[in-house]
Amino acid sequence: MTDATMSTGTAPPPATIGRRGPLASLLVHTALIAASIAMLYPLLWMVSASVRPEDEIFSSTSLWPSAVDISSYIRGWFGLDVSFGRFFWNSLVIAVLTVIGNVIACSLAAYAFARLRFAGRNFWFAIMLGTLMIPYHVTLIPQYVLFLDLGWVNTILPLVVPKFLASDAFFIFLMVQFFRGIPRELDEAAMMDGCGPWRIYWKIMLPLSLPVLATAAIFSFIWTWDDFFGPLIYLNDMNTYTIQLGLRTFVDSSSTSDWGGLFAMSTLSLVPVFFFFLFFQRLLIEGIATTGMKR
Amino acid sequence: MAAVQDSTVAVGAGANARPTAQGRLASIWTKHGAGYMFLLPWLVGFFGLTLGPAVASFYLSFTNFDLIRSSEWVGTANYVRIATADPKFAAAIKVTFLYVVLSVPFKLAFALLVAILLNRGIKGLTVYRAIFYLPSLLGGSVAIAVLWRQLFAGDGLINSLLAQFGIEGPSWISHPDYSLWTLVVLSVWQFGSPMIIFLAGLRQIPTDMYEAASLDGASKFRQFYKITLPLLTPVIFFNAVVQTIEAFKAFTPAFIISGGTGGPINSTLFYTLYLYQEAFGNFRMGYASALAWILVLIIGLFTAFSFLTSRYWVHYDD
């Protein structure tokens, strides 16, 4: 069903449909610029609110603060019993481990599906695709009971260990698509030279697959960083909170008082994602365009 | 160790040796074992974290499991109660369907419109594309939900903007007639991801079709209806299915904006939020398991329905 979006390859240049006068072009640009402003306005307003003097936050719809006051950042950072530094660190640890787990485990499975011949391969591949369809709510409660019995609740283990077991089937699928595009002659030549599957995987497939591995790594990081549901269920002690849980606690504890601090911490929580977006935009957009990732 | 999966090489290497039982076992291993070694983490995960829990969850849905006391088999009581005597379930279904029906078409329409504007070989494509995509990437985070809650508050930014035009806006978030709309607007704001897929789809349409149509004197409007839309139906179909499933599963915005309650008056009680409340608020885990399976059924039925109807409007060029 994804035929049209799946074919990566070299896309033809965008269709310039007929000739357009400067007036039509001006109209299109005006519409796009207006839409861009509407899209960005809420975000810019939040950043601007985070550096405004407290009494000015709601009185102005303009994006330019009359004076820059960063005290909101200091108040927000230390606004809870545990500082936001702790939340950032927890999020970072979970996100980095998730990236490592996803890249290793998913690429191993993808290599088997894409390149090795073994009995039952097609069967398992179909099952793997099937798991993409299942909403996580079905496995949620027994998984919770399992991790509770293992004594893992309130640790990062329930959030990280499944990633080392390739629980994000989506990335397996993404990598299989990429691996299939790598010429088989490379494996065959390596095999003639006496390479086993491990060496082929390690020395040939992985180095040639850096773009898809990077795409998977970046999306892993961003989705984990933004994840709210997993931490909400498994982390109950404030010392183990991720940035998203910390923010939510901040909302609950100070929703009527410290808006400046709230916007400051909200802004900070988006910085890593924005940073990844800025530097890896091309990879992210290609990943979306070729596989139709969710969100 | 060498000749593993490629049968031609394997035959060459093993042709002279007479197959013994042990040798046969070894050759089965070299042929299939490596595949399973690579697949091992996924297999453990599949059985331990997907299949096992799915079976357990199905079983639990027929019990009154509550994590504390020992559970009892209650037969279909959970399902019967869901279907006949649970007003919050009815509310959650209504809210979730409304959200899907309102947010997905608007989101896709915006995505398609902007993709078509961007697909004219205009200058600055990458900049526009990045700007429109950014909200999709940030969308799932608590910060955006917090921001939205402020934007649509009674004294929030939206009402300040409306006031400049002399309109007095309601308190969107705390008014049950409007609260769901704020979530719909948030979802539509994140149209960037389907837009990028539309863009990729539009680029697959051969330009000479438009040139031929132009020569035949077809208007732009006609070209859109006769060429662009039909050729794009597979992508429209794909986006619609993916976005609908995502909308069924939405959670974070409703949780943050309603403070976890789904209020006011259950007007933002998304299905997943109700499931969370039952499982982790009231610890009615057997009941929540039944709710989870009904969600699977709904998504499954919807997907099957989409695929069945798709043959009448989705065109694949063979």
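Lettering follows sequence order; numbering is per chain, from 1. Computation of the quantities below employed the complete heavy-atom set of this structure, encompassing side-chain atoms and omitting hydrogens, waters and symmetry-equivalent molecules.
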**Report entry** All salt bridge (Lys or Arg N to Asp or Glu O under 4.0 Å) counterparts of A:R199, not counting sequence neighbours
**Finding:** none
What closest approach, in Å, do [X] and [Y] show between heavy atoms, and which atom pair accounts for it?
X      : Y      : answer
B:P41  : A:L108 : CG-CD1, 4.1 Å
B:G35  : A:F118 : CA-CD2, 3.5 Å
B:P53  : A:P142 : O-CG, 3.2 Å
A:D226 : B:L137 : OD2-O, 3.3 Å
B:W42  : A:A109 : CB-CB, 4.0 Å
B:P135 : A:M39  : CG-CE, 3.5 Å

Using a cut-off of under 4.5 Å on heavy-atom pairs, state which of [options] scores highest against chain B.
options                        : result
A:L232, A:T131, A:L247, A:V273 : A:L232
A:S167, A:A112, A:S269, A:A31  : A:A112
A:V145, A:L245, A:I233         : A:I233
A:A166, A:A49, A:A119, A:G120  : A:A119
A:T267, A:I33, A:L284          : A:I33
A:W225, A:F164, A:F113         : A:F113

Side chain / backbone / both / neither for [X] at chain B, heavy atoms under 4.5 Å:
X      : value
A:I172 : side chain
A:I285 : both
A:M265 : neither
A:A190 : neither
A:I243 : neither
A:Q244 : both

Report task. Carefully, step by step, assess B:M37 and A:W198 under the rule side chain to side chain contact (heavy atoms under 4.5 Å, CB included). Result -> CA-CA 10 Å; B:M37 286 302 286; A:W198 287 104; 4.3 Å; yes
Requested in this report: Indicate, with yes or no, if the rings of B:F280 and A:Y144 have centres closer together than 6.0 Å.
Outcome: yes
In terms of heavy-atom proximity below 4.5 Å to chain A, should [X] be classed as side chain, backbone, both, or neither?
X      : result
B:F110 : neither
B:L43  : side chain
B:F58  : neither
B:L117 : both
B:L151 : side chain
B:L49  : both
B:W293 : side chain
B:F248 : neither
B:F47  : side chain
B:L232 : neither

Check whether any side-chain heavy atom of [X] lies under 4.5 Å from a side-chain heavy atom of [Y], and answer yes or no.
X      : Y      : result
A:L43  : B:I144 : yes
B:I122 : A:L32  : yes
A:I134 : B:I299 : no
A:F228 : B:F251 : yes

Pairwise distance [atom1]([X]) to [atom2]([Y]) - rounded to 0.5 angstrom:
X      : Y      : atom1 : atom2 : value
A:I141 : B:S57  : CD1   : OG    : 6.5 Å
B:K123 : A:S25  : NZ    : OG    : 7.5 Å
B:Q150 : A:W45  : CD    : CH2   : 4.0 Å
B:L138 : A:I222 : CG    : CD1   : 8.5 Å
B:L134 : A:L40  : CG    : CG    : 6.5 Å
A:F263 : B:L147 : CZ    : CG    : 6.5 Å

Top contributor to chain A contacts, counting heavy-atom pairs under 4.5 Å, from [options]:
options                      : result
B:V296, B:L60, B:V314        : B:V296
B:V146, B:L161, B:V142       : B:V142
B:A56, B:G260, B:G48, B:A130 : B:A130

Report summary line: Sorted by chain and number, sequence neighbours left out, side chain to side chain donor-acceptor pair (under 3.5 Å) with B:S141 holds for none
Query raised in the report: Side-chain donor-acceptor pair under 3.5 Å between B:Y276 and A:H137, yes or no?
Result: no
